[in-house]
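Since the structure is predicted, the reported quantities are computational estimates derived from the model, not experimental observations. Atoms within a ligand are numbered from 1 in the order they appear, just like the ligands themselves.
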Amino acid sequence: MEKGLLYPVTNAYREDQKLDGLWDFKFDPASEGEQNGWAKGLADPIEMPVPASFNDFFTDKDAREYTGDFWYLKKVFIPQHFAGKKVELRFGAATHRAVVYVNGQKIRSHEGGFLPFTADVTAAVNLGEENIIAVKINNELHRDALPAGDTVTLKNGKRMVKPFFDFYNYSGLNRSVHLLAIPQGNIYDYSTSYEVSDDQATVHYQVAADSDADIKVSLADEDGVVVAAATGQKGELVVKNPTLWQVRDAYLYTIRIQLVKNDKVLDEYADKIGLRTIEIKGHQILVNHKPIYLKGFGRHEDSIYAGRAFDLNVERRDVNLLKWIGANSFRSSHYPYDEQVYKLADREGILITDEVPAVGFKMAAASFLGGLDQSFFDGDWIDELYKKHIDQVKDMIKRDKNHPSVLAWSLCNEPDTSTESAVPYFTKLFNDSADLDPQKRPRTFTLNEDDTFETSKCLKFPDFYLLNRYPGWYHKWGYEISDGEAGLRAELDEWQNSDIDKPIVFSEYGADTEPGLHKLPSIMWSEEYQIELLEMFNRVFDDYDFIRGEQPWNLADFQTVEGNMRVNGNKKGIFTRDRQPKAAAFYLRKRWNSLPLDY
Ligand SMILES: CCCN1C[C@@H](O)[C@H](O)[C@@H](C(=O)O)C1
C-alpha cells in the first residue's frame, strides 16, 4: 500500500516535471537484464513513446504479443536547485509489475498495473547532472494477481497470456512518469467528508503530513474568495449558502492546505473538491439527499495506437460523447483509470463507479477464453491473490477518495459467487475495506448471469447491485430474444418479491454490432439489432422501480485478444473505436434526454 498518492503539482514549494516522450525500450525474454547491467544502459534499444502501451506500434506479431520482462530507460538531468528537497519518481501506472532503478541502483518494486506508485530517489540521484532512470516491467498474467489469467509457453518457446477477461493485455508505461521535488517535511495525504443542506455545508477534513509544523486549511469558491478556514490536523470548514456539486451541474471549491512554522510556509497542497453527499436509502441512490437515476456506460481506457495508455484527447472526446448522449455516469471497468479522468468528471458533474482490476475471478470468463476446471475461489492461489486484491483496493480508495465524481467502489467484476468458498473471501474483503473511505461511499461488485438472486452466496455484501446480463446476445439471442426478455423479467420478479431492499443498476448488457451493417428485419451484428436489444432492456427497466441505473456495454468498441468470438476486438460499443456513433447512439440520446435526473 502506498503512503501517499496525491496528484503531482507545481507551486512555490513543490516542482513536478513530466518525463513523457521517447524512452529507450528493449524486450528481455531471458530475464537477463538485471544481472547484465541493463539498468545502466540498453544495447540497441528502440525509442518508445511514454505514456503508451508498446503493443500496437509493432509490425510483427511476436513483438505485439510479447509476454515477459521488458525495460524502459531514460537519461534525465536533475537540477542542482533540487538540493534539500525530497526527490521522487511517480509512475501513473506500469502494467503489470515494475522494478525501478536509478544510476544502476535498485530503488523499489511495485505490483499492480493500474495505480500509481512513488520511488524516493533522493539518495540515489546526482544533482546538477544527468541521471539514468530505468524500469523493468513484466506483463505476465497469473491466477494469484490482478487482473487474473494464465501465462503459457508455446512449443516454440514464446510466452503468451491467457486472460480470464475480455480486454487486450496492453502493457507498458501506460500513464505519465513524473519527476518530483517536494519539501522534506511535506503533506502526503488529506481526506474530506461532508454534511450538506440547502443553507450550509460542513467539510470534515483530515491532513497527513511528515512534519511537526502547524497545519492551516482554507476553502475558496470558484471566484477565489475564501469562504472558510481552519487550523489543525483535523477539523471542520463550515460554508454558509454553499454551491453544492450536483450531477451534470458541478461546482468545485479549492481546498488549500499549508504547513506553517514560525510564520513561514514550508509546504502547500491545493486541490479541487465538490461539496456533496452520496447515500443509499432503500431502493434509491441519493446525491445531496435527492434520488438520481444513472445513465451511462461501462468503458475501457482503450484507443488506436496507444492501446491502454491514457490519452487526454480521447478522454475529452469521450466526455463530450457522454454529454451529447445524455449520460451522467460510467463505471471505470475493469480497473482504476488515470487520475485526469476523475478530474474531468469532477468538472463535468459525471459520476464514476470506481473499479479495482479484480477481473477474471470466474470460470465463465475463462471458459470463453480458455477455461478453468473448478470454482475460482477453491483455487490454491486465493491467499496470495487476496493480498494483492486488498492492497489495490486500499490504493484505489486512497488515490480517488477526494473526487466528488466517485459515487461508489466496485471491488470486483463478476466474481464466481455461486459457491460457498466465495463467502469467506468476500467477508474478509468487505471487512477489510469497510473503513478505507472517510465518505463511506457504497461498495459493490458486478454479478454476472450465473450469479442470480437464487444462486449467488454473496448478495449480503454489496450496498447496491450491479447486474451484468446478456439475454439477446450470449443466450436467447436473435429471434429468441423474446424468451430472453421473459427470463429477465422472471429474475427481476424474484428480486422484486424478495426482502432485498437495495437498488439495482444494470452495469452491462449489449450486442456486438458491426458499424454499417444494416438488415431489415434485423439480424445479430446489425445496427438494427443493437437497438432492438436496447429497446428490450429498456422496456424491462421501465417496469421495475428498484432499477436505478442503465449502463450498457460499452461506450466504445475496444481491443480484446483474438478469438473466434471477436472481430478485431469487442464491438458492443455504442460508438466505434474511433468514437463515431452507431445508430444506437441516436436511440439512447433520445431516450436519455427524455428521462429526468431522478427518473
Ligand atoms: C459475461 C462476462 C461479462 N462481460 C465482461 C466484459 O469485460 C466483456 O467485455 C463482456 C462481453 O463479452 O462483451 C461480458
Side-chain angles (χ1 to χ4, degrees), residues 114 141 146-149 161-170 296-302 307-308 330-337 353-372 375-376 410-418 444-452 455-456 465-477 484 487-488 491 505-515 524-525 529-530 533-534 537 550-577 582 584:
F114 302 95
L141 297 177
L146 289 72
V161 289
K162 293 273 191 177
F164 294 176
F165 50 85
D166 185 36
F167 54 92
Y168 191 78
N169 189 43
Y170 280 121
F297 299 93
R299 295 179 62 193
H300 268 298
E301 280 187 318
D302 172 283
R308 181 94 44 243
F330 63 85
R331 172 167 59 112
S332 72
S333 37
H334 296 298
Y335 37 79
Y337 292 180
T353 302
D354 206 1
E355 187 161 274
V356 78
V359 58
F361 293 12
K362 181 170 194 59
M363 179 175 159
S367 57
F368 156 59
L369 294 155
L372 268 186
S375 159
F376 187 85
S410 173
L411 305 185
C412 208
N413 181 67
E414 296 190 348
D416 179 356
T417 64
S418 60
T444 183
F445 54 84
T446 65
L447 289 160
N448 107 333
E449 13 225 348
D450 300 332
D451 300 84
T452 66
T455 60
S456 176
Y465 297 105
L466 295 175
L467 300 190
N468 295 352
R469 293 291 183 271
Y470 282 92
W473 190 256
Y474 286 119
H475 58 91
K476 308 290 186 221
W477 58 64
L488 189 58
E491 183 193 359
V505 171
F506 271 75
S507 43
E508 282 190 34
Y509 54 99
D512 280 86
T513 302
E514 185 58 27
M524 291 174 78
W525 289 90
Y529 186 75
Q530 188 177 36
L533 181 137
L534 293 172
F537 274 88
E550 50 189 73
Q551 299 183 324
W553 189 256
N554 187 289
L555 171 69
D557 294 344
F558 59 91
Q559 196 63 60
T560 64
V561 292
E562 56 188 327
N564 55 12
M565 292 175 67
R566 291 288 175 259
V567 180
N568 186 22
N570 187 306
K571 293 296 196 297
K572 291 190 182 70
I574 300 298
F575 294 87
T576 59
R577 199 175 184 212
K582 301 176 189 175

**Item:** Per-atom contacts of ligand 1 with Phe558, taking only distances under 4.0 Å to non-hydrogen atoms
**Value:** 9 (O)
**Asked** Checking side-chain hydrogen bond (donor to acceptor under 3.5 Å, both in side chains) for the pair Asn570/Thr560: CA distance, chi angles, key distance, verdict?
**Response** CA-CA 6 Å; Asn570 187 306; Thr560 64; over 6 Å; no
**Asked** Numbering the atoms of ligand 1 from 1, which are under 4.0 Å from a heavy atom of Arg566?
**Response** 11 (C), 12 (O), 13 (O)
**Enumerated ligand 1 atoms positioned under 4.0 Å from heavy atoms of His334** = 6 (C), 7 (O)
**Request:** Please state whether the rings of Phe575 and Phe297 are parallel, tilted or perpendicular, taking 30° and 60° as the class boundaries.
**Result:** perpendicular
**Message:** For Trp553, state whether at least one heavy atom is located under 4.0 Å from any atom of ligand 1.
**Reply:** yes
**Item:** side chain to side chain contact (heavy atoms under 4.5 Å, CB included) partners for Lys582, two or more places apart
**Value:** Thr513, Pro515, Glu527, Gln530, Asp557, Lys571, Thr576
**Message:** Can you tell me which residue among Trp553, Tyr337, Phe165, Tyr170 is in a ring pair (Phe, Tyr, Trp, His ring centres under 6.0 Å) with His300?
**Reply:** Trp553
**Prompt:** Does Tyr470 have a heavy atom less than 4.0 Å from any atom of ligand 1?
**Reply:** yes
**Message:** Checking Arg331 now: which residues fulfil salt bridge (charged side-chain N to carboxylate O under 4.0 Å, His left out) with it, not counting sequence neighbours?
**Reply:** Glu355, Glu508
**Complete:** The atoms of ligand 1 lying under 4.0 Å from a heavy atom of Asn448, numbered in the order shown, are 1 (C)
**Fill in**
The answer for which part of Phe165 has a heavy atom under 4.0 Å from ligand 1 is neither
**Message:** Using a 4.0 Å cut-off to any heavy atom of Asn570, which atoms of ligand 1 qualify?
**Reply:** 9 (O), 11 (C), 13 (O)
**Request:** Identify which of Lys572, Lys362, Glu508, His300 has a heavy atom lying nearest to atom 5 (C) of ligand 1.
**Result:** Glu508
**Item:** For Phe361, the option from Leu146, Asn413, Asp416 that meets side chain to side chain contact (heavy atoms under 4.5 Å, CB included)
**Value:** Leu146
**Whether Phe506 and Tyr509 hold their rings parallel, tilted or perpendicular, with breakpoints at 30° and 60°** = perpendicular
